[in-house]
Amino acid sequence: MPATPRVATSEVTRAARRRRSWLALAIAFAFVGALMAQFGAARVNSQPDAPITFIVEGELPYGITQESVDAVAQTHGALSREPFTIEIVDRPLEWIEHQHGELPEGVDVLFSVYIDPTDVDLSLPSRNSVAIADAESTDIGYSDATSIRETFLNNLTMGHGPSAVVGAALTAASNFDDGGNRNPLLWGSLAALPLLASCGLFSAYAREAREHRARRRRFDRARLQLARVVLELETLEVQFSAAYAELASVQGKRETRQAEAARKKLRRDWKAVRDESLELARIEQALERDLVNPAAPTHSSVPKEPADLDQFERDVAALNSLADSLAAASSVRVGHANSGAALASLALPTIQASGEVLRQREYLRDRDVARLESQRAALLALVREAERVAGDDPSPEAVREQAELLHQWNDIETRMTATLGHLTRAPQGERERMARERAAQRIRAASGGESDSQSKLRSALGLGEAEGAGPLLAAERVLVSLEGSRGKAPQTAKRSFAWFGAVTIFGPVVVALAVGGVAAGVQASQHPGYGQRLEGDRQLASLQIYGDVELLPEYEIESTVSNATTNRTALTLDNVRTWMNAMLRNSDDLALLPSDIDLTVAVLPAADYFPDMKWTEEADSGYDRYVIDYADLLAAYPEMFADIGADYPDVFDPDTGEVRVGQVVLPIWVFEGEQYTIGLPLTGEISTGVDSRLGAYFFTATELRPIRPADNDYPTGIDAAVASQLLELGRTLEYNHLETVDEDAGGVFWALSLAVWSALQLLLVLGGAVVEAVRNARGSLAARRALADIRGDLERLALGLDLSELDMVAVLGAGTGERGDAAQAEQRLFEMSLMTAWRQARALESLPRSMQRGPEWQAQVAGLRQLVTTLSERDADVSERALEAIRAGE
């Protein structure tokens, strides 16, 4: 009939599409993850690039002019993420301005530098100095407005004027930030999600491709087995026809009845082999279409639905076994030349198992041993008899002899089963399962894996065993019982993996949610500088002194750190550096300066700059201090800068009159009565950021607590005091300019939780695959080493083959009759098993290294190891028995 093409989509096409889809999705997700990572990195590392426009209304106090503010903005790079305009005025803002944001056209922020002289309690935050355009529709609230005001005051207290305005504008830019979420946890999680999905999809693609290749290999292996059967059908038909014809020529009532039953069995098996071969050939075409080539032409009788590969493999294996058993049964029934080898292969597992039982005769009764030895010898004698009567020219007489031999064989096996059954009670549960597994493994090892053929051959010859019967299984039961009585029975732990699924699914979820929640909460609730590790590594670059050092109190110093002897001579660059290093060694929370700094120490009489300062005593706290009016402090800065600038003009910026960046002025205020104090460091850096500690509250500069060396028995030198101030200045500089943005804690929480959960799931999958691969690799390596050891044992057994034959036949089986036949048959079975083991070893070694792995190959090596161990034990037992026989004869 003409071939008809397959129209419907086949499984191979669907699988190929599925693999391509998974691979395409994996690549797409990886690309998306890479883009997300690139975008997130750009977002996280983004810097402000939009200019801030300043409008100064006239000439304002503190040196704030349009020119000076623009100069500072140019020097410090006053940039924001979105351009905006800030106008600076010196007046109280109106209600409609700071509450409703009604500002002049084009102005985004209106900032007042006005300080009410009647209310100078600047420690109280106020937002009335900041007005934001359209304030009612923005997210800028009270805390944002007050932070702008506080930044201005901090810088003003530090001697800045124009820079204070720029600092306020930079803080406003930070509060107005709309550069999006720059949390690295969020963007890292968002980038990780598609990458993890890509890894999962690629893993699924690899698994599907591996399974597809495995299915192709299974199909090719099964197809080769089927081809072998099909190619040998003609030979098998000749064997069957010859046996069928010879069985028909048998005379005698009982013999005729037995022969007719055998003929029916052979004919039924032949018909099953022929019909099943044709059916499996059609299934093969369907599998060819489904797994290899969807466009392959198929016969009209080929089923349209997808074929089952698993069932095809089982059916081919069963057909192969049935064909082998039919060929062997045909030979045995008529006494063909190879019938002796077929019966020998049937007897081998039973002979080996019963031999192991007899080698443990010290645990058995003498009469049971004698009975089992006699029955084993009788079975071996039948094996020898089968080899002797087999010939190339079958005849009715040979058929009758073979039928009688099979009858005797069945009778001996029955008696052996009964004898072995008396040696132990039938085990239950785990031991029964072990006995059956051992019996199956022994058949596979002895027959080279053809256990099904052995079973079908026994059935074809009328030697079938009922469930739980048979000498092989009975012998294995005895061996299991004997090993159990000596405490050697292997224990198999029963494991329940029900909990594993729950832990795999819910455990990572709980862990992911906990980790994500903690990370998101910490990220959303802390300032960026919280717990920051200081990294400054620069020493003080230079030190110069303005003023008269003789104004400082003079006293002797006993210092183990610096080489100073008196207070006035202690103020040197080397001594300050030495003290800074010494203080670092005694603290884990300090660091050197983050950048090069040139220090100018100004020794100044406090009364010259603050003639109206007041002395305040607090008896309860002992906090006596000089108090300076804040307006006097601000007025004294220009005077002080002018005095210092006359001697050291490079310290100040001529455009703004402020301290240059990289310069620090540290005033030392000297009071009457041999007392002094260290003032607030005045630096060119602008104080900005959410956690800035540079230029603190106003009272830190207006409340001066004097140091009285005379009150201390061991006063500290001025060099140590300056070093301490510089280290604290390094800390404040590192905490300066830190920014934060409004974080979406919920978004971070869920993104991180999903990423962690996905990563854990992927890690479990990949970890399981790695563990399985390592386990297989180790198992394969161990199997290769075992195979090398097996080759060594086989070589030893082969070299001692002549001696083994001499011991078995000439010594233990000396003479004629059943004893001699049994000895010759046992030696023949030993040699046959040895050849089988050699062939298996060569076959396993000849496989490519890529195929020398996996559970199937390891099981084959283990089976071969079991067979060789049995042969070695038998060889040792024969040698020992022969030696005992020789000694007894002497």
Side-chain angles (χ1 to χ4, degrees), residues 1-6 10-12 211-243 266-331 338 341-342 345 444 447-457 460 836 839-840 842-844 846-848 850-851 854 856-857 860:
M1 297 181 65
T4 57
R6 175 72 169 177
S10 66
E11 177 62 25
V12 66
E211 292 178 355
H212 176 69
R213 289 193 297 270
R215 287 170 64 85
R216 286 286 303 273
R217 287 194 296 269
R218 289 166 54 196
F219 173 60
D220 291 340
R221 186 164 54 245
R223 182 162 55 177
L224 285 175
Q225 290 181 343
L226 177 61
R228 184 183 72 85
V229 174
V230 172
L231 290 175
E232 294 177 356
L233 277 179
E234 291 185 3
T235 302
L236 184 60
E237 185 177 10
V238 171
Q239 292 175 321
F240 155 72
S241 300
L266 291 177
R267 185 173 186 81
R268 185 166 58 249
D269 289 346
W270 161 247
K271 187 175 184 300
V273 169
R274 185 187 58 195
D275 296 344
E276 188 68 14
S277 298
L278 295 175
E279 178 62 25
L280 288 177
R282 288 193 291 268
I283 301 299
E284 179 189 356
Q285 287 192 29
L287 286 171
E288 172 81 14
R289 175 199 65 209
D290 295 338
L291 298 177
V292 181
N293 183 12
T298 58
H299 195 270
S300 58
S301 62
V302 174
K304 299 296 188 294
E305 63 276 0
D308 187 348
L309 176 60
D310 296 336
Q311 187 62 44
F312 179 72
E313 282 185 306
R314 291 191 293 269
D315 292 343
V316 169
L319 175 64
N320 187 63
S321 299
L322 183 60
D324 289 343
S325 66
L326 177 60
S330 299
S331 299
N338 62 347
S345 65
R444 285 195 296 269
S447 62
E450 299 297 331
S451 57
D452 288 341
S453 297
Q454 293 275 330
S455 176
K456 286 182 171 56
L457 177 57
T836 300
R839 287 194 298 269
Q840 285 185 318
R842 284 198 300 267
L844 291 174
S846 65
L847 290 175
S850 60
M851 298 181 65
E856 183 179 351
W857 187 76
Q860 292 176 348

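Taking the charged nitrogens against the carboxylate oxygens, Arg217 and Asp220 have no contact shorter than 4.0 Å, which rules out a salt bridge.
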> side chain to side chain contact (heavy atoms under 4.5 Å, CB included) between Arg842 and Arg839: does it pass, once the steps are laid out?
Replying inline: CA-CA 5 Å; Arg842 284 198 300 267; Arg839 287 194 298 269; 3.7 Å; yes

> side chain to side chain donor-acceptor pair (under 3.5 Å) between Arg314 and Gln311: does it pass, once the steps are laid out?
Replying inline: CA-CA 5 Å; Arg314 291 191 293 269; Gln311 187 62 44; 2.7 Å; yes

>> Test side chain to side chain contact (heavy atoms under 4.5 Å, CB included) on Gln285 and Arg282; report intermediate values, then the result.
In response: CA-CA 5 Å; Gln285 287 192 29; Arg282 288 193 291 268; 5.8 Å; no

>> Using side chain to side chain contact (heavy atoms under 4.5 Å, CB included), reason through Arg218 and Asp310 one step at a time and then give a plain yes or no.
In response: CA-CA 9 Å; Arg218 289 166 54 196; Asp310 296 336; 2.2 Å; yes

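When atom types are taken as modelled, the side chain of Ser241 and the backbone of Val238 share no donor-acceptor pair closer than 3.5 angstrom.
Within a 6.0 Å radius of CD in Glu234, other residues, nucleotides and ligands contribute 12 heavy atoms or fewer.
Taking both residues in full, the closest heavy atoms of Glu313 and Ala222 are given as CG-CB, 4.2 Å, listed atom of the first, atom of the second, then distance. Ala323 and Val229 make their closest contact through CB-CG1, 4.2 Å (heavy atoms, listed as atom of the first residue, atom of the second, distance). Nearest heavy-atom pair across Ser277 and Leu319 is OG-CD2, 3.6 Å. Nearest heavy atoms, Trp270 versus Glu237: CH2-CB, 3.5 Å. Across every non-hydrogen atom of Leu226 and Leu280, the tightest pair is CD2-O, 3.7 Å. Nearest heavy atom pair, residue Ser325 against residue Leu457, reads CB-N, 3.5 Å.
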